[in-house]
Amino acid sequence: MRGETPSNILIYGKTGTGKTASVKYVTRELEKVSDRSPLKVRVVYINCEEVNTKYRVLATLANTFLEKARGNSDELPNSVPMTGWPTDEVYKCFFRAMDSERQLAVIVLDEIDKLVFRNGDEVLYHLTRINADLKNSKVSIIGISNDLNFMNYLDPRVRSSLSEEELVFPPYNAVQLKDILEKRARISFVEGVIQEGVISLCAAHAAREHGDARRALDLLRVAGELAEREGCESVSVEYVRRAHEKIEQDKMVEVIRTLPTQSKLVLYSIVVLSERTPRAIISGDVYSVYRELCAQSGMDVLTQRRVGDLISELDMLGIISAKIVSKGRQGRTKEIKLNIHPIQAMAAIHDEQLMSLDTLKLSRQLTLV
DNA sequence: GTTCCACAGGAAAGCTAGGATG
DNA sequence: CATCCTAGCTTTCCTGTGGAAC
């Protein structure tokens, strides 16, 4: 507001600790106050997860300021195309639009680690140095990152100028989460329908998972939805337990859905086996079934070595649990247990069209087991 | 005590798509 | 546009191993 060069700020914190919400709130207030002051403050919010190349970041910036600066200068174009121009041209355009009037620009780069990871720190280098060249305006950058280590990937010069001020958002503890939940619950639930201990339990669950407030709110919401769907008058701790289960299952279904095809096929083999045999599932059997499935669906067959790795990956993702057991002369194997309901697993696997084979017919044709 | 099964899982090389570079 | 590079898969080849059966 006083027209001095503002510090750049870097904000760290795990997901669901309120980084984005805080920044959005503060910048909104800042814009409100600046309406009454001679110096204009403009905030540009860019989520680097969506806008993930240096070109697109610059083009977004350029377009924002071109729109605002329209009419100030004749030689400025109306907009920058989202593809096609040389990058330095876009940069120049952004620069001129910025400098065409006296203003302070606050550029918020959310998930800045994604940008650095994909593109390196070139854009950041230019952006942090731009103040030296601007005559009328000033730029301040707010970087938001989940990754505490991402600074190590930056050029030292960028690092020091970007982190003139650092802010760490620590995870919420259970008490704080409880506080947040209570406030929200007062708005969204009819008074008295939430039973004793429900909110504490939600808070405890979320606190155990890195203090993610979003997770805590989800838990409470899903518990409420479950109770409502069953026509229950109040939300009991039992619903929280089931909500937790449901969220875990949904997460798993999502993971399965995005699995590569070969992994799906391996998982499918395990599901088929789990439905046809009461015996423990053995990695050797999985491989046999897998080979048959490949033959029937016309996919190329991976080696046993590789399938073993895929099984370990499924284990790491928590979709299955595998433990090594030795059966004397019957050798050593992995005994595999499915951690998700077979029907749900099937549905998640078949979600994609590439596995559009008629599964029932297919598994009936299986000669093994 | 010895054997030997049926795999686990390490090392290294080959392959390939997609991105960077000139 | 051609070419070069790189990361992520995958294969090949290999050594290791717990414990029931001999």
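Chain identifiers are assigned alphabetically (A, B, ...) following the order of the sequence lines, protein sequences preceding nucleic acid strands; residue numbering begins at 1 within each chain. Scope of the values below: all heavy atoms of this structure, side chains included, with no hydrogens, waters or symmetry mates. Since we're looking at a predicted model, the values are computed, not measured.
The side chain of A:Lys334 contributes an N or O atom lying less than 4.0 Å from OP1 or OP2 of B:dG9. Considering only side-chain N and O atoms, A:Ser312 lies nowhere under 4.0 angstrom from the phosphate OP1 or OP2 of B:dA8.
Scanning residues 300-310 of chain A for heavy-atom distances under 4.0 Å to DNA chain B yields A:Gln304, A:Arg305.
Taking atom CD of residue A:Glu313 and atom P of nucleotide B:dG9, one finds them 13 Å apart after rounding to whole Å. At whole-Å resolution of the value, CG in A:Asp285 and P in B:dC5 are 18 Å apart. For A:Ile311 and B:dG9, the CD1 to P distance is 10 Å, given to the nearest whole Å. Summarising the geometry, the separation between NZ on A:Lys323 and P on B:dA6 is reported as 20 Å, rounded to the nearest angstrom. Protein atom CE of A:Met299 is 13 Å distant from nucleotide atom C1' of C:dT10, rounded to whole Å. The nearest whole Å value for the distance from the CZ atom in A:Arg332 to the P atom in C:dT17 is 8 Å. The CD-C1' distance, from A:Glu335 to B:dA6, rounds to 14 Å in whole Å. Rounding to whole angstrom units, CD1 of residue A:Ile324 and C1' of B:dG9 are separated by 9 Å.
Taking the charged nitrogens against the carboxylate oxygens, A:Glu245 and A:Arg242 have no contact shorter than 4.0 Å, which rules out a salt bridge.
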Less than 3.5 Å apart, which donor and acceptor atoms pair up between the side chains of residues 317-337 of chain A and the rest of the protein, not counting sequence neighbours?
| from | atom 1 | to | atom 2 | distance (Å) |
| --- | --- | --- | --- | --- |
| A:Ser321 | OG | A:Asn339 | OD1 | 3.1 |
| A:Ser321 | OG | A:Asn339 | ND2 | 3.0 |
| A:Lys334 | NZ | A:Ser312 | OG | 2.8 |

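At most 12 heavy atoms of other shown residues, nucleotides or ligands fall within 6.0 angstrom of atom CZ in A:Arg291.
At distances below 3.5 Å, at least one donor-acceptor pair connects side-chain atoms of A:Asn8 with backbone N or O atoms of A:Ile141. Remark: the backbone N or O of A:Asp212 is not paired with any side-chain donor or acceptor of A:His210 at under 3.5 angstrom.
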Please determine whether side-chain hydrogen bond (donor to acceptor under 3.5 Å, both in side chains) holds for the pair A:Tyr290 and A:Gln262, giving the CA-CA distance in whole Å, both sets of side-chain angles, and the decisive distance to 0.1 Å. CA-CA 9 Å; A:Tyr290 162 81; A:Gln262 289 288 4; 2.8 Å; yes

